[in-house]
Amino acid sequence: MKNIKTQVGIIGAGPAGLTLALMLQKEGISSIIIENRSREYVENRIRAGLLEHNTVEVFDKLGVSERLHREGLVHHGCYIAYNGVTQRIDFQKHTQREVTIYGQQEVVKDLIKVCFDRKIEIVFEADATEINDFMTEKPSISFTHSGENNTLNCDFVAGTDGFHGIGRKTLPKESYNEFKIEYPFSWLGILAYSKPSYDELIYAFHHEGFALASMRSEKVCRLYLQVPNDEKIENWSDEKVWAELENRLGIALNKGEIFEKSITPMRSFMIDNMQAGRLFLAGDAAHIVPPTGAKGLNLAVADVRNLAKGITDFYKNNNEELLDNYSKKCVARVWRVQDFSNFMTYLCHKQAESGSFEQLLQKSKFDYLRISEAYQKTIAENYVGLPFEAFE
Ligand code: APR
Ligand code: PHB
């Protein structure tokens, strides 16, 4: 049994926990991260790959963006297509901002490396089992590691432990309302060694279902197809995937070797309170957005930015106001991002039979998109990410 001590005990070494630890260290505040998976597992978990302008700025300030700028692809727009008719959304014109395409697991690798270089302790393969005494000034985290039971004593606990973690389960049930939508479709995603035959991302509505053409680099494509929730991956040979992508996207694709293929369900989920006493949730622990728009990581970074500010003000100025308002401030942005992710999902996915009232309303949105600069701007400013200051 080991008893260790730090100022902020962080559960989870995903983008939220790692970014928080680096932000705190910059302010001279110590933390230890407890992560139940191995370093290799965490570094290879495949997720989305689109960074808002805001997120890149945060990584710049932390000094963790050197490889991101070297290898990431800066995009100044994207395409939204309806049965082959394409409209470009010009981020530069509407927002003077851009996004960067850079795989999330690359972000995680960079953050972990910098944490090690800067001597931030990450305990891998350590399972946090309980968060104790969080309504007092002396909370602690019980965790098991190498068959031993341990305690991490701290002043604050950050529950950055993802959707299935113990952070949200520990938050008193009566302190929040829960909201969720489970969508009646999933995404079949592939990664392939092939040069993208498109210069920017394409979000395509098609009467057979949605398709998304994304990329990871000049040599690796990331593509997705809408499939039913009960779809079996065995039904999708590589040939069938390529044929359906070309059909729905309406373009010829360079068909390299597919080295990853999986199906992911889609949900919107959130709670409207993210704190109790000295326990603060951030990232996927408090909210999940459907992947259309790739907001998950960006929202997690916005949360921990607020949390780091609050904790810093507590130690430096003995002021708890920012911490008291932490949840309120985060939740305002979460609602905005939930709305945008839900909007993009409903806009682009096939949900109703061709010719039905719902489907014709959906088509009308695409017609409007082609004639209205205002509508394009609304999409652009949400897509690149509203400035942090908008919610301050
Ligand atoms: N003890 C220790 N670690 C835990 C525990 C536990 N009991 N439960 C969960 N974890 C770890 C998980 O193994 C995972 O590595 O917490 C981490 C949470 O990381 P993410 O799921 O990546 O969540 P978050 O950091 O909020 O991610 C924000 O990035 O990874 C994406 O989909 C995610 O888009 C979202 C964004
Ligand atoms: C991705 O590249 O994985 C990606 C990009 C944009 C999205 C979703 C996923 O909207």
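All heavy atoms count here, side chains included; hydrogens, waters and symmetry mates do not. Both counts, for ligands and for their atoms, begin at 1 and track the order of listing.
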What protein heavy atom sits nearest [atom], and how far away is it?
{"atom": "atom 2 (C) of ligand 1", "result": "N36 N, 3.2 Å"}
{"atom": "atom 7 (N) of ligand 1", "result": "A128 O, 3.0 Å"}
{"atom": "atom 27 (O) of ligand 1", "result": "P15 CD, 3.6 Å"}
{"atom": "atom 33 (C) of ligand 1", "result": "D284 OD2, 3.0 Å"}
{"atom": "atom 25 (O) of ligand 1", "result": "A16 N, 3.0 Å"}
{"atom": "atom 28 (C) of ligand 1", "result": "A300 CB, 3.5 Å"}
{"atom": "atom 30 (O) of ligand 1", "result": "R47 NH1, 2.0 Å"}
{"atom": "atom 29 (O) of ligand 1", "result": "Q104 NE2, 2.8 Å"}

I want to know if ligand 1 touches [X] in the polar sense, i.e. an N/O pair below 3.5 angstrom.
{"X": "G165", "value": "no"}
{"X": "L297", "value": "yes"}
{"X": "G17", "value": "no"}

task = Applying salt bridge (charged side-chain N to carboxylate O under 4.0 Å, His left out) between E52 and each of R333, R305, R97, report the one that passes.
result =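 Of the listed options, the one satisfying the test is R333.
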
Between [X] and [Y], does any side-chain donor sit less than 3.5 Å from a side-chain acceptor?
{"X": "H94", "Y": "E381", "value": "no"}
{"X": "Q92", "Y": "D90", "value": "no"}
{"X": "E231", "Y": "N235", "value": "yes"}

task = Indicate yes or no: does E27 engage K316 in a salt bridge with an N to O separation below 4.0 Å.
result =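 A salt bridge links E27 with K316.
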
So for atom [atom1], which belongs to [X], do other residues, nucleotides or ligands contribute more than 12 heavy atoms lying within a distance under 6.0 Å?
{"X": "E178", "atom1": "CD", "result": "yes"}
{"X": "E392", "atom1": "CD", "result": "yes"}
{"X": "F179", "atom1": "CZ", "result": "yes"}
{"X": "K219", "atom1": "NZ", "result": "no"}
{"X": "K5", "atom1": "NZ", "result": "yes"}
{"X": "Q96", "atom1": "CD", "result": "yes"}

Which ligand 1 atoms, with their elements, are less than 4.0 angstrom from a heavy-atom of [X]?
{"X": "G162", "result": "18 (C), 21 (O), 23 (O)"}
{"X": "A126", "result": "1 (N), 2 (C)"}
{"X": "D127", "result": "1 (N), 6 (C), 7 (N)"}
{"X": "R37", "result": "13 (O)"}
{"X": "G283", "result": "26 (O)"}
{"X": "G12", "result": "11 (C), 16 (O), 17 (C)"}
{"X": "I34", "result": "2 (C), 3 (N)"}

inquiry  = Before you tell me yes or no, could you show the steps for K350 and E208 under salt bridge (Lys or Arg N to Asp or Glu O under 4.0 Å), namely the whole-Å CA-CA distance, both residues' side-chain angles and the distance that decides it to 0.1 Å?
reply    = CA-CA 7 Å; K350 179 185 162 95; E208 298 284 344; over 6 Å; no

query = Among the heavy atoms of A48, does any lie under 4.0 Å from an atom of ligand 1?
reply =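 No heavy atom of A48 comes that close to ligand 1.
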
inquiry  = Please determine whether any non-hydrogen atom of R45 lies less than 4.0 Å from an atom of ligand 1.
reply    =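 Judged by the 4.0 Å heavy-atom criterion, R45 does count as contacting ligand 1.
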
inquiry  = Judged on heavy-atom distance to atom 7 (C) of ligand 2, which of Y203, Y383, Y224, Y102 sits nearest?
reply    =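 The nearest heavy atom belongs to Y203.
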
Closer than 4.0 Å to some heavy atom of [X] - which atoms of ligand 2 meet that?
{"X": "P291", "result": "7 (C), 8 (C), 10 (O)"}
{"X": "L201", "result": "5 (C), 6 (C)"}
{"X": "G49", "result": "1 (C), 2 (O), 3 (O)"}
{"X": "A294", "result": "6 (C), 7 (C), 8 (C), 10 (O)"}

key: ligand 2 versus R216: contacting region, heavy-atom distance under 4.0 Å   =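 Under 4.0 Å from ligand 2, R216 contributes side-chain atoms alone.
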
message = Heavy-atom distances under 4.0 Å decide this one: backbone, side chain, both or neither, for S214 against ligand 2?
response =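 The answer is the side chain of S214.
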
F163 six-ring centre to R168 NZ/CZ under 6.0 Å and within 45° of normal =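 Yes, R168 sits over the ring of F163.
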
I371 with F205, same ILVMFWY side-chain cluster at under 4.5 Å =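 Linked within one cluster.
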
message = Let me check something: do L73 and L223 share a hydrophobic cluster, defined by ILVMFWY side-chain heavy atoms less than 4.5 Å apart, either directly or through other members?
response =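 Same cluster.
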
query = Is ligand 1 under 4.0 Å from a heavy atom in the side chain of I11, in the backbone, in both, or in neither?
reply =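 The part of I11 near ligand 1 is the side chain, not the backbone.
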
query = Is E35 touching ligand 1 with its side chain, its backbone, both, or neither, if touching means heavy atoms under 4.0 Å apart?
reply =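 E35 to ligand 1: contacts from backbone and side chain alike.
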
message = Any heavy atom of I101 closer to ligand 2 than 4.0 angstrom?
response =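 Distance cut 4.0 Å: I101 fails for ligand 2.
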
ask   = Between the side chain of Q351 and the main-chain N/O of Q359, is any donor-acceptor distance below 3.5 Å?
value =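 No, the answer is negative, given that no donor and acceptor are paired below the 3.5 Å cut-off.
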
ask   = Backbone N or O of P15 within a donor-acceptor pair of the T19 side chain at under 3.5 Å?
value =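 Present.
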
query = For G293, is at least one N or O under 3.5 Å away from an N or O on ligand 2?
reply =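 Such a contact does occur with ligand 2.
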
task = Go through the steps for R216 and E106 under the test salt bridge (Lys or Arg N to Asp or Glu O under 4.0 Å), then give the verdict.
result = CA-CA 10 Å; R216 286 288 174 273; E106 304 310 317; over 6 Å; no

